[in-house]
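Here the structure is laid out as C-alpha cells; the discussion comes afterwards.
In what follows, chains are A, B, ... by sequence order, proteins preceding strands, each numbered from 1. Keep in mind it's a predicted model, so treat the numbers as computed, not measured. Basis for what follows: all heavy atoms, side chains included, without hydrogens, waters or symmetry-related copies.
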Number of protein chains: 2
Amino acid sequence: MSSFTEENYLKIIYNLSAWQEGEVSTNALAEQTQTRAASVTDMLRKLADKNLIHYKKYQGVRLTPEGERVALQVIRKHRLWEVFLVDKLGFGWDEVHPLAEELEHINSEKLIQKLDAFLGHPSADPHGDPIPDPAGRMPHPEHCRLTEVVPGQAVVLVGVTEHSAPFLQFLDRTGLTLGCRLEVVEVNAFDGSVQVGISGNAPQFVSQAVARNLLVS
Amino acid sequence: MSSFTEENYLKIIYNLSAWQEGEVSTNALAEQTQTRAASVTDMLRKLADKNLIHYKKYQGVRLTPEGERVALQVIRKHRLWEVFLVDKLGFGWDEVHPLAEELEHINSEKLIQKLDAFLGHPSADPHGDPIPDPAGRMPHPEHCRLTEVVPGQAVVLVGVTEHSAPFLQFLDRTGLTLGCRLEVVEVNAFDGSVQVGISGNAPQFVSQAVARNLLVS
DNA sequence: ATTAAAATTTAGACCAATCTAAAAATTTAT
DNA sequence: ATAAATTTTTAGATTGGTCTAAATTTTAAT
Ligand SMILES: [Mn+2]
Ligand SMILES: [Mn+2]
Ligand SMILES: [Mn+2]
Ligand SMILES: [Mn+2]
C-alpha cells in the first residue's frame with residue numbers, strides 16, 4: 001500500500017517524465033510537491049526501497065513498472081472524479097483540479113469501477129486528458145498544438161496543456177470550449193499569434209502563449 | 001482547520017454522546033477510534049486547546065458548540081456520500097460505510113452543496129439516519145423501535161440502529177428493506193421475538209435482537 | 001584544469017499521531 | 001474505611017513527512 005504522499009510523488013514523477021526525456025530531477029520534484037529538495041531526497045530513498053522508482057544518487061529518478069502502475073491508477077481516479085464534478089455536479093473545468101487532488105486518493109477498486117460506469121466510460125477528462133483504462137493503459141490520441149496548424153486548416157479543440165484556473169477562465173470568456181471548431185486564418189510570423197475563427201464567428205487573435213497550450217485534431 | 005484525525009474524534013464523541021447521558025469516557029473513545037487510551041488522552045488535550053471539547057482530567061469529555069458544529073458537518077458529508085454511493089452508483093447499503101468514512105473528510109463547502117442538490121436534498125441516508133441541514137441542524141424524526149410496537153399495529157420500516165454488514169445483509173435476505181410495510185402479528189412474551197408480516201407476505205419471526213435495531217413509524 | 005555556480009545529499013531537528021510501560025486517580029468491593 | 005480493581009494520565013519512544021543549515025557532488029565557466 002502506498003500513502004497519500006507516496007501516491008502524489010509517483011503521479012508527479014509520471015507527469016514530469018511525460019514532458020521531458022530522461023530522469024526527473026530532485027529540484028523539479030521539490031517544485032511540484034511544494035516541498036524542499038531535502039524532503040524529496042528522503043522520499044526518493046523510501047520509494048526506491050519499495051521498488052517503485054529507479055534511483056541513483058545525484059542521477060535523478062524514473063518509475064519502475066510497478067511505480068508506473070500505481071501512478072496510472074491515481075491518474076485514472078483523478079480524471080474520472082474530474083469528469084464527475086463537471087458532468088454531474090456542474091462544476092466549471094477551472095474549479096475541479098484541487099478537489100480531484102483529494103478524491104484521487106480514495107482507494108477502492110469497486111468505487112472507481114462503478115464511478116466509471118456511472119459516467120459512461122469516458123475516454124477523456126474535462127481538460128481533454130485521456131483516461132487510462134482499468135488495466136492502466138494510457139491512450140495516446142492523435143493531436144497537435146494550435147501553433148502547428150497551417151492557415152486555412154479547420155480543426156477541433158480537444159484539449160489544453162495548461163490547467164491553471166486563470167487560463168481556463170480566459171478560454172471560457174473567449175469562447176474556446178472543448179469541442180469547438182477552429183479555423184486558422186493566419187499565423188502571424190512576427191509574434192507567433194494566431195488569427196482564428198471560433199465556431200464560425202468572426203476571426204480573433206490568440207497569442208502564441210495561448211495557442212501553444214491548445215490541442216487540436 | 002481540523003485534521004482528518006481530529007474530525008474523526010469529534011464525530012465519534014458526538015455519536016457516543018447521543019446514546020448515553022453525560023460525558024464520554026476515554027476508554028469508549030479508545031475502542032471506537034481503534035487506538036489506546038493513552039493516545040486518546042493526548043488527542044483530548046489537543047482538542048481542548050482548540051476549544052472543540054470540554055475536558056477535565058479523569059472527568060470525561062463533551063463537545064463545545066464549535067466542536068458540535070464541526071462534528072455535524074462531518075456527519076452531513078458522511079451521510080450525503082452514502083446516499084450518492086447507493087442511489088447513484090448502485091452500492092448496497094451494507095457496503096458504503098467504509099467508503100463514506102474516507103469521503104467525509106473532503107473539505108469543500110461548494111462540493112457538498114452541489115452534491116446535496118444533485119441528490120435532490122435527501123433527508124435521510126440509506127440506513128434511515130437523518131441528514132443535518134447546511135447550517136448543521138440535525139432533524140429528529142418521530143420513530144420507535146419495532147420492539148415497542150403493539151400487536152395489530154401496521155408500521156413502516158424507516159431506519160436501522162445497527163450498521164454492520166452482516167446485519168444489513170441479513171435484512172436484505174429477509175426482505176426487510178427501508179420503506180417496507182410491517183404488520184405486527186404477535187410479540188412473543190417468552191423470548192421477545194416478533195411475528196411480523198413484511199409487505200403483505202405471510203408472517204415471519206424476527207428475533208428480539210433484530211427487532212430492537214429496527215426503527216419504524 | 002581550476003574555479004565558481006548549481007544541484008543534491010546528509011545531519012540534526014520538529015510536529016502529529018501513535019505506542020508500551022509505569023504512575024496516579026477514581027471507582028468498586030469487602 | 002481500607003484494599004482491590006479499573007480507568008486514566010504521564011513518561012518516554014517511534015514513525016512518516018517535513019524543515020534548515022552544512023557538506024558533497026555534478027555541471028558550467030573561465
Ligand atoms: Mn487535474
Ligand atoms: Mn484534468
Ligand atoms: Mn455510515
Ligand atoms: Mn448511514
Interatomic distance, A/Met1 CE vs D/dT15 P [rounded to whole Å]: 21 Å
Rounded interatomic separation in angstrom, taking NZ from A/Lys56 and P from D/dT24: 23 Å
Please step through side-chain contact (heavy atoms from CB on, under 4.5 Å) for the pair A/Val40 and A/Asn27, ending with a clear verdict. CA-CA 8 Å; A/Val40 172; A/Asn27 267 356; over 6 Å; no
Looking only at C/dC19, C/dT8, D/dT9, the nucleotide nearest the B/Tyr58 side chain is D/dT9
Any side-chain N or O of B/Asn27 less than 4.0 Å from the OP1 or OP2 oxygen of D/dT6? no
DNA chain D contacts among residues 4-17 of chain A, heavy-atom distance under 4.0 Å: A/Thr5, A/Tyr9
To the nearest angstrom, the CG-C1' distance between B/Asp49 and C/dC15 comes to 15 Å
Please confirm whether the shortest side-chain N or O distance from A/Ser39 to OP1 or OP2 of D/dC19 is below 4.0 Å. yes
Applying ring-ring contact (aromatic ring centres under 6.0 Å, His included) between A/His127 and each of A/His97, A/His78, A/His163, report the one that passes. A/His163
Checking salt bridge (Lys or Arg N to Asp or Glu O under 4.0 Å) for the pair A/Glu162/A/Arg212: CA distance, chi angles, key distance, verdict? CA-CA 9 Å; A/Glu162 158 73 37; A/Arg212 195 189 305 131; over 6 Å; no
May I ask you to verify if any side-chain N or O of B/Thr26 is less than 4.0 angstrom from the OP1 or OP2 atom of D/dT9? yes
B/Thr41 near the nucleic acid: base, sugar-phosphate alone, or nothing, with a heavy-atom cut-off under 4.0 Å? base
Atom pair distance, as rounded to whole Å: CZ in B/Arg45 and C1' in C/dT18: 14 Å
What ring pair (Phe, Tyr, Trp, His ring centres under 6.0 Å) pairs are there with at least one residue in residues 3-43 of chain B, not counting sequence neighbours? B/Phe4-B/His105
Quick one: do B/Glu104 and B/Arg76 make a salt bridge, cutoff under 4.0 Å? no
Against the six-membered ring of A/Phe118, is B/Lys88 placed for a cation-pi contact (under 6.0 Å from the centre, within 45° of the normal)? no
From CG of B/Leu44 over to C1' of C/dA16, roughly how many Å is that when rounded to an integer? 15 Å
Round to the nearest Å and state the distance from A/Leu47 atom CG to D/dG16 atom P. 12 Å
In terms of side-chain heavy atoms of A/Ala38, which of D/dA11, D/dT20, C/dT8 is nearest? D/dT20
Using atom CE of B/Met43 as one end and atom P of C/dA16 as the other, report the distance to the nearest whole Å. 10 Å
Taking only side-chain N and O atoms of A/Arg36, does any of them lie within less than 4.0 angstrom of OP1 or OP2 on D/dT18? no
Should B/Lys57 be listed as having a side-chain N or O under 4.0 Å from OP1 or OP2 of C/dA24? no
From CD of B/Gln59 across to P of C/dT26 the rounded distance in Å is 7 Å
Using a strict 4.0 Å threshold on nitrogen-to-oxygen distance, state whether B/Glu109 and B/Lys114 make a salt bridge. no
